[in-house]
Amino acid sequence: MPFSLLKYGLTNDYPFEKDWDLPVPSDLKRHYDVVIIGGGGHGVATAYYLAKYHGVTNIAVLEKGYLGGGNTARNTAVIRSNYLTPEGVRFYSESVKLFRELSNEFDFNIMYSSRGQLTLAHTDATIRSFRQRAEVNKHFGGRTELIDPQQIRELVPTLNMNPADLPVLAGLWHIDGATARHDAVAWGYAKGATKRGVELHQLTEVTGINTENGKVVSVDTNRGSVGCGCVVQAVAGHSSVVAAMAGFRMPLTSYPLQAMVTTPVKPFLDPLVSSSALHCYVQQTGRGEIVFGGGSDPYPLYNTRSTLELKESLIASAIEMFPFMANFKLLRQWAGTTDMTTDYSPVMGLSPVDNYYLDAGWGTWGFKATPICGKTMAELVASGGKVPELIAPFSMDRFDAFRQVNEMGATAASH
């Protein structure tokens, strides 16, 4: 056995690493400049950008479970910007640009894969809406176009062009569609943040939020109370629950969202394929598994359990698009909790409590917004509450002022 192999086999670290991935657990300090509630992708991304680009390092990220163990670990890792509204396209296009450079930013491979996303149109009405989306995307810098059935056959030769007797008439081809390893994104941001002095406290659940004269002053946890200059709430799935601790309500309803994956098979599908009529999307990972996803459950619930009903409907739709997949074996099924707004856009920015900032209402599109959300929320915190122009349309008061940013239907699923 080579001596070098034996040497590294007996050490606690990999050859290419000089330090542990994350610092060992520590005690909570009595006061932090910034407390971030939620140790998922958005929370650690905000901490990273604050530390690296704004010099704010006295930060505690509080996570009741483990790093990236909430919705970050439960999504299907799709990245795209082909939304319906100018506000949405501008926002998510900036996120796609940041995603492309994250591996270089971290010096850490997030397994970013640019593959394109194809959304199938089965009716003339859908074609008209897709044409509008394509023009809005192109106007604001996205790469999206309407393609015909022959082009679809060339992109996805194995696709059934008449699934469930719904002929494929056209497709919305989003060239910028991509995937990335979701846990790698969370770990990359966390490593970069903690390297610069940010504290990540896992297994630390927030139990109360204290205010004085309309301003947040401290946060109670299962490990004690900490004072704070400001708080960033980034708890996808439980935003209404945490906001209630701060004394205000949010215009959100939480629904389960399920997905599933097969055992690995030989590569046959490069683009991400979804159907606007079947409410199902299909993708193949770099390891060969086939991931199925669709619409959220039709009832509010916080329980992240899987159901036979959803499994049957999703598999039926997937087999309609790719009939030979009936022979595949299902590996596992899982669910997350989505906070949905009435206009299917997020809630970002200020809250009714001073120095309490919101990163919520992400529904099914939170992962793809991770970089730009972290960057803009960091700008918001560092400026003392000056809302960046890019996220101003997503303020919570838009519902009182009837300025909704309607993205309904932008997912090609039942939400």
Side-chain angles (χ1 to χ4, degrees), residues 20-72 186-187 189-248 250 348-360 373-374 377-385:
W20 292 97
D21 284 337
L22 295 172
V24 297
S26 62
D27 294 332
L28 287 167
K29 294 191 298 191
R30 297 185 63 181
H31 187 276
Y32 294 93
D33 294 335
V34 182
V35 168
I36 299 175
I37 306 175
H42 287 209
V44 291
T46 301
Y48 172 86
Y49 287 108
L50 276 169
K52 183 172 182 179
Y53 295 102
H54 300 282
V56 181
T57 58
N58 186 25
I59 302 172
V61 180
L62 309 180
E63 168 56 47
K64 72 174 182 179
Y66 58 91
L67 169 63
N71 280 3
T72 298
W187 275 84
Y189 276 122
K191 288 180 67 174
T194 55
K195 179 182 177 181
R196 292 169 172 82
V198 173
E199 294 182 12
L200 172 62
H201 294 276
Q202 302 177 81
L203 301 177
T204 304
E205 182 176 3
V206 171
T207 58
I209 297 169
N210 304 307
T211 61
E212 292 181 3
N213 299 320
K215 180 179 180 179
V216 64
V217 293
S218 65
V219 173
D220 297 330
T221 78
N222 60 338
R223 297 172 54 206
S225 181
V226 294
C228 57
C230 69
V231 169
V232 177
Q233 176 184 307
V235 288
H238 293 80
S239 299
S240 298
V241 176
V242 176
M245 296 181 189
F248 63 92
M250 296 197 69
M348 299 181 69
L350 308 179
S351 79
V353 177
D354 287 347
N355 289 353
Y356 191 95
Y357 305 121
L358 297 174
D359 168 15
C373 180
M377 290 300 295
E379 292 173 3
L380 173 67
V381 172
S383 67

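For clarity, every value in this text was computed on a predicted model and none was experimentally measured. These values consider heavy atoms only, across backbone and side chains, with no hydrogens, waters or symmetry-generated copies.
- Ser225 approaches Asp220 most closely through the heavy-atom pair OG-OD1, 3.0 Å.
- Residues Ala234 and His42 share a closest heavy-atom pair of CB-CB, 4.3 Å.
- Closest of all the heavy-atom pairs between Val35 and Gly227 is CG2-O, 4.5 Å.
- With rounding to the nearest 0.5 Å, the separation of SG in Cys230 from CD1 in Ile59 is 8.5 Å.
- Using a 4.5 Å cut-off on side-chain heavy atoms (C-beta onward), Val56 and Val381 make no contact.
- Contact between Ala47 and Val61 at its shortest, heavy atoms only, is CB-CG2, 3.8 Å.
- Atom CD in Glu212 sits 7.5 Å away from atom OG in Ser218 (nearest 0.5 Å).
- When atom types are taken as modelled, the side chain of Asn355 and the backbone of Gly229 share a donor-acceptor pair closer than 3.5 angstrom.
- Side-chain contact check for Met377 versus Ile36: every heavy-atom pair is 4.5 Å or farther apart.
- Between Tyr53 and Glu379 there is no side-chain heavy-atom pair separated by less than 4.5 Å.
- To the nearest 0.5 Å, the span separating CG on Leu22 from OG1 on Thr194 amounts to 5.0 Å.
- Side-chain contact check for Val231 versus Tyr357: every heavy-atom pair is 4.5 Å or farther apart.
- Lys29 places none of its side-chain heavy atoms less than 4.5 Å from the side chain of Val226.
- The shortest side-chain heavy-atom distance between His201 and Ser26 falls under the 4.5 Å cut-off.
- Closest heavy-atom contact between Ala190 and Leu67: CB-CD2, 3.7 Å.
- A distance-only check finds no donor-acceptor pair linking the side chain of Thr72 to the backbone of Gly40 [under 3.5 Å].
- Once rounded to the nearest 0.5 Å, the distance linking CG of Leu28 with CG of Leu62 reads 6.5 Å.
- Relative ring orientation between Tyr49 and Tyr189 is described as tilted, the plane-to-plane angle lying within the 30° to 60° band.
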*Do Leu358 and Phe248 pass the side-chain contact (heavy atoms from CB on, under 4.5 Å) test, and can you show the C-alpha distance, the side-chain angles, and the key distance before you say yes or no?*
CA-CA 12 Å; Leu358 297 174; Phe248 63 92; 3.8 Å; yes
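- If you take CG on Leu380 and CG on Leu50, they are separated by 9.5 Å, rounding to the nearest 0.5 Å.
- Across every non-hydrogen atom of Ala51 and Thr57, the tightest pair is CB-CG2, 4.1 Å.
- In this structure the side chain of Tyr356 reaches within 4.5 angstrom of the side chain of Ile209, judged on heavy atoms.
- Of the listed residues (Glu199, Arg223, Glu63, Lys64), just one forms a side-chain hydrogen bond (donor to acceptor under 3.5 Å, both in side chains) with Thr204, and that residue is Arg223.
- Taking the side chain as every heavy atom from C-beta outward, Gln233 and Ser239 approach each other to under 4.5 Å.
- Between the CD1 atom in Ile37 and the CG atom in Asp359 there is a gap of 11.5 Å [rounded to 0.5 Å].
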